[in-house]
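Supplied in structure tokens, the structure appears directly below.
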Amino acid sequence: MAAWVKGLGWVTRPLLSVVRTWDLDARRWVRALRRSPVRVVFPSGQAGGRKPGPEKQPRRAAAEASPHEQRQKPPLQVSASQTSCAWEESGLRYDKALPGDRRLSSVMTIVKSRPFREKQGKILLEGRRLIADALKAGAVPKVFFFSRLEYIKELPIDKLKGVSLIKVKFEDIKDWSDLVTPQGIMGIFAKPDHVKMTYPETQLRHLLPLLLICDNLRDPGNLGTILRSAAGAGCSKVLLTKGCVDPWEPKVLRAAMGAHFQVPIINNLDWETLPNYLPTDTRVYVADNCGLYAQAQISNKASDHGWVCDRRLSKLHKYEEEEEEEDLEPGASKAWLPELEVQSYDLDWTEAPAAVVVGGETHGVSLESLQLAESTGGKRLLIPVVPGVDSLNSAMAASILLFEGRRQLRVRAEHLSRDRCYH
């Protein structure tokens with residue numbers, strides 16, 4: 001039995017290797033020897049300092065050197081990449097965000113919401129060109145987040161005094177950017193006031209007696225494109241009623257390509273107060289897709305070619321159908337729906353200062369816009385389309401009408417100049 005147990009003795013061996021204590025102590029000693037000691041204490045109690053390297057000199061010895069030797073020492077050469085000193089000499093400093101810094105994330109989370117922008121009066125601008133246009137127009141910056149110092153140096157230094165400058169990683173900007181290719185700089189600005197803005201001189205010289213009223217436009221891309229067209233056509237101002245998308249939303253800013261700082265924009269207006277922003281004797285025209293009298297009042301030529309719009313998507317046509325379905329008593333009036341004359345967009349409608357109302361694609365123009373057009377002697381402007389096409393995009397329709405108005409005003413100016421030459 002003893003021999004049998006001795007033969008199976010390997011079964012009782014442990015499966016895990018046992019680490020000996022002397023092995024750990026040896027490893028500690030080896031690790032300690034690899035370190036470079038600051039001071040060595042001998043068993044006798046004496047302490048010895050660390051020996052300097054062949055090319056190094058003790059600090060005390062360098063301090064005790066003669067002034068003549070210090071003068072002969074060659075000056076240090078600062079590399080071209082070290083520009084922080086020159087930047088600080090200009091009176092500006094910047095903070096470098098350390099790992100765990102949440103200033104960028106906290107600001108981006110809040111400033112992208114419309115309630116915060118309206119309550120705090122701050123907006124977000126991204127991109128070097130847009131920021132440069134805003135500074136040139138007189139917008140007031142508050143904070144800049146950038147990934148490279150060169151991006152800040154491109155901006156006017158006098159506009160950056162008192163502004164918080166924070167350098168962050170490009171990856172952090174990329175995470176919060178709305179651009180496909182982020183440009184490495186984002187700015188928080190005070191919400192611009194159109195009264196205090198300084199618009200480009202070339203833009204002011206080409207302003208026309210032409211206004212644009214946006215009625216219930218809710219698509220950011222459409223509004224941005226419309227603002228860009230309004231700036232290109234030379235509109236004197238753009239009015240936005242309540243219900244429109246915020247013009248300072250990042251998507252609108254991206255689509256407008258700097259038009260916010262080229263044409264005055266007044267938003268969040270009531271229809272009761274909107275006439276106060278119109279010049280005297282302004283006529284309001286509505287870009288309406290097929291009113292009740294559109295098909296009957298357009299020219300025969302347009303009717304022959306089928307250039308009438310589809311009335312199924314018209315909000316006002318819904319009102320008209322409801323009126324027809326109701327059993328009206330004899331003598332009942334339908335005066336609650338304004339009866340505006342419809343004319344083709346290419347006929348002359350700019351003999352007086354004109355304001356064009358463009359509605360959203362979902363809800364169309366409002367009843368208040370038709371009432372305002374009726375009170376000012378305006379009309380409905382019809383853009384003819386081929387049969388089967390419901391309507392044009394709001395941004396496309398606004399662009400067509402604005403540049404048509406610009407063409408008519410230019411032709412009228414040319415005729416006036418010729419008459420003056422003849423007389």
Side-chain angles (χ1 to χ4, degrees), residues 81 83-84 87 92-157 159-160 162-192 197 217-228 231 244-263 265 267 395:
S81 60
T83 56
S84 58
W87 185 252
L92 298 175
R93 297 177 181 271
Y94 65 92
D95 298 335
K96 187 175 181 180
L98 299 176
D101 194 323
R102 296 188 176 183
R103 283 180 288 183
L104 176 61
S105 60
S106 61
V107 170
M108 292 298 112
T109 303
I110 300 175
V111 80
K112 288 192 174 184
S113 64
R114 181 169 184 173
F116 173 84
R117 290 194 298 267
E118 294 179 351
K119 183 178 180 180
Q120 301 294 333
K122 292 182 175 61
I123 61 172
L124 169 65
L125 301 181
E126 184 176 0
R128 285 172 280 177
R129 180 179 176 181
L130 185 60
I131 290 176
D133 292 343
L135 293 175
K136 189 176 180 180
V140 181
K142 298 297 183 181
V143 185
F144 278 120
F145 297 96
F146 59 96
S147 60
R148 297 181 62 181
L149 189 60
E150 289 76 8
Y151 299 154
I152 292 293
K153 283 190 165 187
E154 295 175 356
L155 303 177
I157 296 180
K159 300 286 187 179
L160 302 180
V163 182
S164 299
L165 305 177
I166 303 174
K167 185 178 181 181
V168 297
K169 294 182 179 180
F170 180 77
E171 289 75 14
D172 298 337
I173 292 182
K174 188 177 181 181
D175 292 340
W176 290 100
S177 174
D178 292 326
L179 303 179
V180 179
T181 55
Q183 299 184 21
I185 183 171
M186 309 172 87
I188 307 299
F189 284 74
K191 191 174 181 180
M197 297 289 287
L217 275 171
R218 301 183 179 181
D219 185 81
N222 282 343
L223 180 57
T225 305
I226 288 174
L227 295 177
R228 191 175 180 182
C244 291
V245 65
D246 184 12
W248 301 104
E249 184 176 326
K251 292 182 179 179
V252 181
L253 289 164
R254 185 168 65 251
M257 292 294 292
H260 292 73
F261 308 105
Q262 297 176 347
V263 58
I265 301 173
N267 66 324

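One-based numbering along the sequence shown. Predicted, not measured: the structure shown is a model, and the values here were computed from it.
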Val163: side chain to side chain contact (heavy atoms under 4.5 Å, CB included) partners, not counting sequence neighbours: Pro141, Phe144, Leu165
Within 6.0 Å of NZ in Lys191, more than 12 heavy atoms from elsewhere: yes
Ala395 versus Ile226, closest heavy-atom pair with distance: CA-CG1, 3.5 Å
Smallest separation among heavy atoms of Ala255 and Gly221, with atom names: CB-O, 4.0 Å
Closest approach of Asn267 to Pro247 (non-hydrogen atoms, all atoms of both residues): ND2-CD, 3.5 Å
Please report, to 0.1 Å, the donor-acceptor pairs under 3.5 Å made by any side chain of residues 168-180, with sequence neighbours excluded.
residue	atom	partner	partner atom	Å
Ser177	OG	Glu126	OE1	3.4
Ser177	OG	Glu126	OE2	2.2
Ser177	OG	Leu179	N	3.1
Asp178	OD1	Lys112	NZ	3.3

Extract all donor-acceptor atom pairs below 3.5 Å that involve side chains of residues 98-106 and protein atoms in other chains or at least two apart in sequence.
residue	atom	partner	partner atom	Å
Asp101	OD1	Arg103	N	2.9
Asp101	OD1	Arg103	NE	3.2
Asp101	OD2	Arg103	NE	3.0
Asp101	OD2	Arg103	NH2	2.7
Ser105	OG	Arg102	O	3.1
Ser106	OG	Arg102	O	2.9
Ser106	OG	Arg103	O	3.0

With sequence neighbours excluded, residues passing side chain to side chain donor-acceptor pair (under 3.5 Å) with Glu118: Arg114
Contacts of type side chain to side chain donor-acceptor pair (under 3.5 Å), residue Asp246, not counting sequence neighbours: Arg117
Distance, nearest 0.5 Å, that separates CG of Leu149 from OH of Tyr94: 5.0 Å
Electrostatic pair Arg148-Glu150, nearest N-O below 4.0 angstrom: yes
Ala134: side chain to side chain contact (heavy atoms under 4.5 Å, CB included) partners, not counting sequence neighbours: Leu125, Ala139, Phe189, Phe261
Intermediate values then yes/no, side chain to side chain contact (heavy atoms under 4.5 Å, CB included), Ile188 and Leu124: CA-CA 5 Å; Ile188 307 299; Leu124 169 65; 3.8 Å; yes
Residues that Pro156 engages under side chain to side chain contact (heavy atoms under 4.5 Å, CB included), provided they are two or more places apart: Leu135, Asp158, Lys159
Over all atoms of both residues, closest heavy-atom pair of Val263 and Leu227: CG1-O, 4.5 Å
Met257 side, atom CE; Leu130 side, atom CG - distance, nearest 0.5 Å: 9.0 Å
ring-ring contact (aromatic ring centres under 6.0 Å, His included) against Phe145, all qualifying residues, sequence neighbours excluded: none
Non-hydrogen atoms of Trp248 and Leu253 that approach each other most closely: O-CD1, 3.5 Å
Note, Val252 side chain near His260 side chain (heavy atom, < 4.5 Å): yes
Pairing residues for Ser164 by the side chain to side chain contact (heavy atoms under 4.5 Å, CB included) criterion, not counting sequence neighbours: Val143
Contact summary for Ala97 and Ile166, nearest pair of heavy atoms: CB-CG2, 4.2 Å
Interatomic distance, Leu160 atom CG to Leu155 atom CG [nearest 0.5 angstrom]: 5.5 Å
Rounded distance (nearest 0.5 Å) linking atom NZ of Lys167 with atom OH of Tyr151: 10.5 Å
Listed once per pair and sorted, the side chain to side chain donor-acceptor pair (under 3.5 Å) pairs that draw on residues 128-147, sequence neighbours left out: none
Pairs touching residues 118-137 that satisfy ring pair (Phe, Tyr, Trp, His ring centres under 6.0 Å), sequence neighbours left out: none
